[in-house]
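Here's the structure, in structure tokens; my notes come after.
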Number of protein chains: 2
Amino acid sequence: MSDILFQHIAKHINISSNDFAAMLPYFRLLNVKKKEDLVMEGKPCRQNYFVLKGSLRMFFLTENGGEQTIQFAIENWWMTDVDAFSKGKTASFTVQAMEHAEVISISKEDMDQLLAAYPFMERYFRMIYERAYAASLFRVKYIFQLSKEQFYNHFASQYPAFIQRIPQKILASFLGFTPEYLSELRKKQALGKK
Amino acid sequence: MSDILFQHIAKHINISSNDFAAMLPYFRLLNVKKKEDLVMEGKPCRQNYFVLKGSLRMFFLTENGGEQTIQFAIENWWMTDVDAFSKGKTASFTVQAMEHAEVISISKEDMDQLLAAYPFMERYFRMIYERAYAASLFRVKYIFQLSKEQFYNHFASQYPAFIQRIPQKILASFLGFTPEYLSELRKKQALGKK
DNA sequence: CGGAAAACTTAAGCTGGTTTAAGAAAGATG
DNA sequence: CATCTTTCTTAAACCAGCTTAAGTTTTCCG
């Protein structure tokens with residue numbers, strides 16, 4: 001189970017299975033039900049999560065009570081409200097399971113101790129954040145570069161399987177438009193294909 | 001001069017001035033003219049930059065030849081096309097000086113060697129990327145949460161001094177709208193204040 | 001300096017995407 | 001498996017922000 005995490009770490013840095021075994025006590029295995037919140041906007045954010053199975057999303061509440069999704073996490077991604085987690089502030093985002101999920105969690109205190117005891121893990125997390133940062137920049141690039149329709153097509157062609165797994169409402173929110181407009185797009189494209 | 005970088009590193013991790021002195025050969029001091037490109041879209045990206053003085057921006061070219069600005073870097077910020085730099089790919093973004101600037105640069109090879117020789121620097125860059133990632137997420141949050149007008153007001157109140165230093169054209173692009181619309185906003189707000 | 005280029009302003013017309021509202025389909029839950 | 005709730009669709013009216021185009025001001029640089 002936690003073997004998946006070991007593989008993931010080993011893909012980035014040199015690590016012995018002995019070292020990994022010694023680190024295990026810092027991690028906890030968690031079973032999460034669909035729609036369960038792991039981090040809640042406005043509450044402290046004490047854990048960081050690694051997805052073994054299923055999927056998570058991150059969103060914040062808009063003034064009219066809607067949920068604006070800004071990220072997804074699937075297998076092999078870490079997710080939390082990084083800012084709140086690292087600074088010990090209250091969360092600006094909610095992290096919620098989209099499907100039943102298995103995740104590994106680590107608390108802020110354990111993370112600090114882990115990094116102190118196994119400094120080579122700094123390198124692993126440096127790479128993780130480097131990649132997350134790069135991905136977030138590309139996200140911004142696409143938001144500006146593509147029209148809503150292009151953005152949808154781009155995402156649909158990049159993650160055809162994932163798109164089947166998630167409610168259109170959430171997808172529309174992630175892409176930055178209304179579910180109504182997504183309906184319109186799909187209808188238009190279905191007609192076009194005939 | 002490079003003392004500024006030492007201070008910045010020391011703010012994040014424990015480091016002796018001896019260690020820093022030993023690391024100095026990896027860094028180069030650079031004088032950059034206004035509008036000079038440090039990274040060019042489409043070309044390899046081999047350097048990472050730390051701003052001592054002045055300011056940089058990151059942009060990409062839109063289909064109609066415009067420049068879409070997506071980030072600024074002022075004193076004490078690192079900037080490069082992270083994805084291209086770390087993976088050795090060609091750059092998706094251009095990094096350009098907005099004002100005459102003094103920066104410290106480090107090449108990819110030197111960065112790799114630096115991290116191998118001084119592993120504690122992994123911790124420093126882990127924190128740098130963590131913060132950059134968090135900032136980029138907030139950027140996405142604001143893009144979705146705020147209307148263009150609110151986004152402008154938010155930015156104007158957060159960085160009143162910086163706003164004076166940069167052309168409106170670039171600011172408008174960063175905020176995601178046209179210079180014409182920015183003019184309109186300013187006019188409207190000037191009238192409102194009377 | 002002085003002339004050219006770049007940046008900024010103004011205003012009218014236009015459009016991609018929102019809002020609203022109501023019905024149809026699909027999922028959840030006892 | 002029936003009901004309640006949530007999600008999805010459709011369509012019309014609407015608007016924030018864009019485009020275009022022309023004039024004005026500022027900056028650049030020889």
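Residue numbers begin at 1 in each chain, while the letters A, B, ... track the order of the sequences.
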How are the rings of [X] and [Y] set relative to one another: parallel (under 30°), tilted (30 to 60°) or perpendicular (over 60°)?
X      : Y      : answer
B:Y118 : B:Y26  : perpendicular
A:F151 : A:Y142 : tilted
A:F6   : A:F20  : tilted
B:F27  : B:W78  : tilted

Whole-Å distance separating the [atom1] atom of [X] from the [atom2] atom of [N]:
X      : N      : atom1 : atom2 : result
B:L185 : C:dC8  : CG    : C1'   : 14 Å
B:F151 : D:dG17 : CZ    : P     : 12 Å
A:F144 : D:dG17 : CZ    : P     : 13 Å
A:I143 : C:dG16 : CD1   : P     : 20 Å
B:R186 : C:dT10 : CZ    : P     : 12 Å
B:L182 : D:dG17 : CG    : P     : 12 Å
B:Q189 : C:dC8  : CD    : C1'   : 17 Å
A:K35  : C:dT29 : NZ    : P     : 9 Å

Fill in: Six-ring centre of B:Y181, B:K148 cation under 6.0 angstrom, axis tolerance 45°
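Cation-pi check for B:K148 and B:Y181: fails.
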Practice prompt. Measure from NZ or CZ of A:R139 to the centre of the six-membered ring of A:F174 and say whether it is under 6.0 Å with the direction within 45° of the ring axis.
Written response: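 Cation-pi check for A:R139 and A:F174: passes.
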Would you say [N] has OP1 or OP2 under 4.0 Å from some side-chain N or O of [X]?
X      : N      : value
A:K187 : D:dA11 : yes
B:Y181 : D:dC18 : no
B:S183 : C:dC8  : no
A:K169 : D:dT7  : yes

Discussion item. Could you work out how much the helix from C:dC1-D:dG30 to C:dG30-D:dC1 bends, comparing the axis of its first five pairs with that of its last five, to 10°?
Written reply: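 Terminal axis comparison yields 70°.
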Worksheet entry | A:K53 atom NZ, neighbour heavy-atom count above 12 within 6.0 Å |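 Result for NZ/A:K53: open.
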Worksheet entry | Atom CZ of A:R28 with >12 non-hydrogen neighbours under 6.0 angstrom |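 Counting other residues, nucleotides and ligands, CZ of A:R28 stays at 12 neighbours or fewer.
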Fill in: Of the listed nucleotides D:dG17, C:dT19, D:dT19, the one nearest the side chain of B:T178
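The answer is D:dT19, which lies nearest to the side chain.
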Discussion item. Do B:Q71 and A:V140 have side chains that approach each other closer than 4.5 Å (heavy atoms only, starting at C-beta)?
Written reply: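 A side-chain contact under 4.5 Å is absent here.
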Worksheet entry | A:D37 vs A:K43 side-chain heavy atoms within contact, under 4.5 Å |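 A side-chain contact under 4.5 Å is absent here.
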Worksheet item: Hey, can you pull the residues of residues 159-168 of chain A with a non-hydrogen atom under 4.0 angstrom from DNA chain D?
Response: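 Correct list: A:P167, A:Q168.
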Worksheet item: Are the aromatic ring centres of A:F162 and A:F72 under 6.0 angstrom apart?
Response: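 Between A:F72 and A:F162, which both carry aromatic rings, the centre distance is below 6.0 Å.
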Item to complete: Can you measure from CD (A:E102) to CG (A:N31) and round to the nearest 0.5 angstrom?
Response: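 With rounding to 0.5 Å, CD (A:E102) is 5.0 Å from CG (A:N31).
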Fill in: Most 5' of B:K148 and A:P179 on DNA chain D, judged by nearest nucleotide
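The residue closer to the strand's 5' end, by nearest nucleotide, is A:P179.
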Atom pairs, N/O to N/O, protein against nucleotides 22-30 of chain D, distance under 3.5 Å?
| residue | atom | partner | partner atom | Å |
| --- | --- | --- | --- | --- |
| D:dC28 | OP1 | B:K34 | NZ | 2.9 |

